[in-house]
Amino acid sequence: MGVLNVTPDSFSDGGRWASTDAAIIHALDLQSQGADLIDVGGESTRPGAGRVAPAEEQSRVIPVISELARQGLSISVDTLNSSTAAAAAAAGAQIINDVSGGLADPQMASIAARSGLTYVAMHWRAHAPKMDDLAVYGDVVAEVRAELVSRVDMLTAAGLPPEKIVLDPGLGFSKLPDHNWRLLAHLDAFADLGFPVMVGASRKRFLAGVLPADAGVLERDLPTAVVSVLAAQAGAWAVRVHDVAATRTALNVLALADSARMGP
Ligand SMILES: Nc1nc2ncc(COP(=O)(O)O)nc2c(=O)[nH]1
């Protein structure tokens, strides 16, 4: 899943694809790098980001989704807002990627159920201003797992078929670095729930821990690609990344190593 932030302020690529034309060019480039899906977002969820009105979010993402769907790309819409999810479904998106897992907008579960789209429910505890204050866990794996199970219960009660649900541990959302590493080390705890699992580590702060102190954000693309391999080995359904080429290459290494291991 290639990241396409059509926003002026996303933490690692804000403003670069803010125009519709630039966004479409970048989406096609992500596809040529090997992306199976393009995740189109119009509101930055980085810590400290302010909220964006749904109308503004839709003005950013719907023209992009419409054109990319017209060109046959597989699109997810990264939104907390049910009105944006409904508009994206009408514009040709196949997936709703809701970082709040339905908590931010009470209408989202029913809108997602009615849309027939696949729905990614990510683990989340609060909007950006309060997010870091809630990074408190006794057992992060058990608690994130339990909270995602309660999200599934709410979503299915609203009519969303279980087979439409993808789960995501929400790396970097109300998590300290060691929480993220523990979640990555125990992805099986989420895969065991019987839903596809998505992982979004790309360029996130916790990856800085494996880099020199003066490393820039783009240097996190290498550890991101390594995490993509770890996620694939744990059976992840998708990884959400900015640098698709790096992850595609890393997954090619894994595929060749696996085939060599199973070969004669
Ligand atoms: N499902 C899912 N969606 C996401 N959307 C945005 C971000 C924040 O990253 P960005 O600001 O680079 O888009 N991370 C995730 C994530 O980890 N999982």
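Just so you know, residue 1 is the first one in the sequence shown, and it goes up from there. All figures in this text were calculated on a predicted structure; none of them were measured in a lab. Each ligand, and each atom within it, is numbered from 1 in the order the structure gives.
- Among the atoms of G200, some N or O lies under 3.5 angstrom from an N or O of ligand 1.
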Going through the checks in order, is the salt bridge (Lys or Arg N to Asp or Glu O under 4.0 Å) test met by D132 and R205? CA-CA 12 Å; D132 289 344; R205 273 183 297 172; 3.6 Å; yes
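- By the 6.0 Å contact criterion, CZ on R182 is open, its count of non-hydrogen atoms from other residues, nucleotides or ligands being 12 or less.
- Residue D39 does not touch ligand 1, judged by heavy-atom distances below 4.0 Å.
- Near M198, meaning under 4.0 Å from any of its heavy atoms, are these atoms of ligand 1: 1 (N), 2 (C).
- Taking a cut-off of under 4.0 Å to the non-hydrogen atoms of D78, the atoms of ligand 1 that pass are 3 (N), 4 (C), 5 (N), 6 (C).
- Here the shortest heavy-atom pairing between L167 and V152 reads CD2-CG2, 3.7 Å.
- Counting atoms of ligand 1 from 1 in the listed order, those under 4.0 Å from a heavy atom of N5 are 10 (P), 12 (O), 13 (O).
- Taking all atoms of both residues into account, the shortest heavy-atom contact from G170 to M122 is CA-CG, 3.4 Å.
- In this structure, W237 has no ring-ring contact (aromatic ring centres under 6.0 Å, His included) partners at least two apart in sequence or on a different chain.
- Of all the atoms in ligand 1, the ones that sit under 4.0 Å from a non-hydrogen atom of V99 are 3 (N), 4 (C), 5 (N).
- In this structure, S76 OG and L117 CG are separated by 10.0 Å, a value rounded to the nearest 0.5 Å.
- If you number the atoms of ligand 1 from 1 as listed, the ones under 4.0 Å from a heavy atom of N97 come out as 1 (N), 2 (C), 3 (N).
- The distance from ligand 1 to the heavy atoms of T45 drops below 4.0 Å at these ligand atoms: 6 (C), 7 (C), 8 (C).
- By heavy-atom distance, the residue among M1, H242, E43, K204 lying nearest atom 14 (N) of ligand 1 is K204.
- Residue F173 approaches ligand 1 through these ligand atoms, each under 4.0 Å from one of its heavy atoms: 7 (C), 8 (C), 14 (N), 15 (C).
- For the residue pair A85 and I96, the shortest heavy atom distance occurs at CB-CD1, 3.9 Å.
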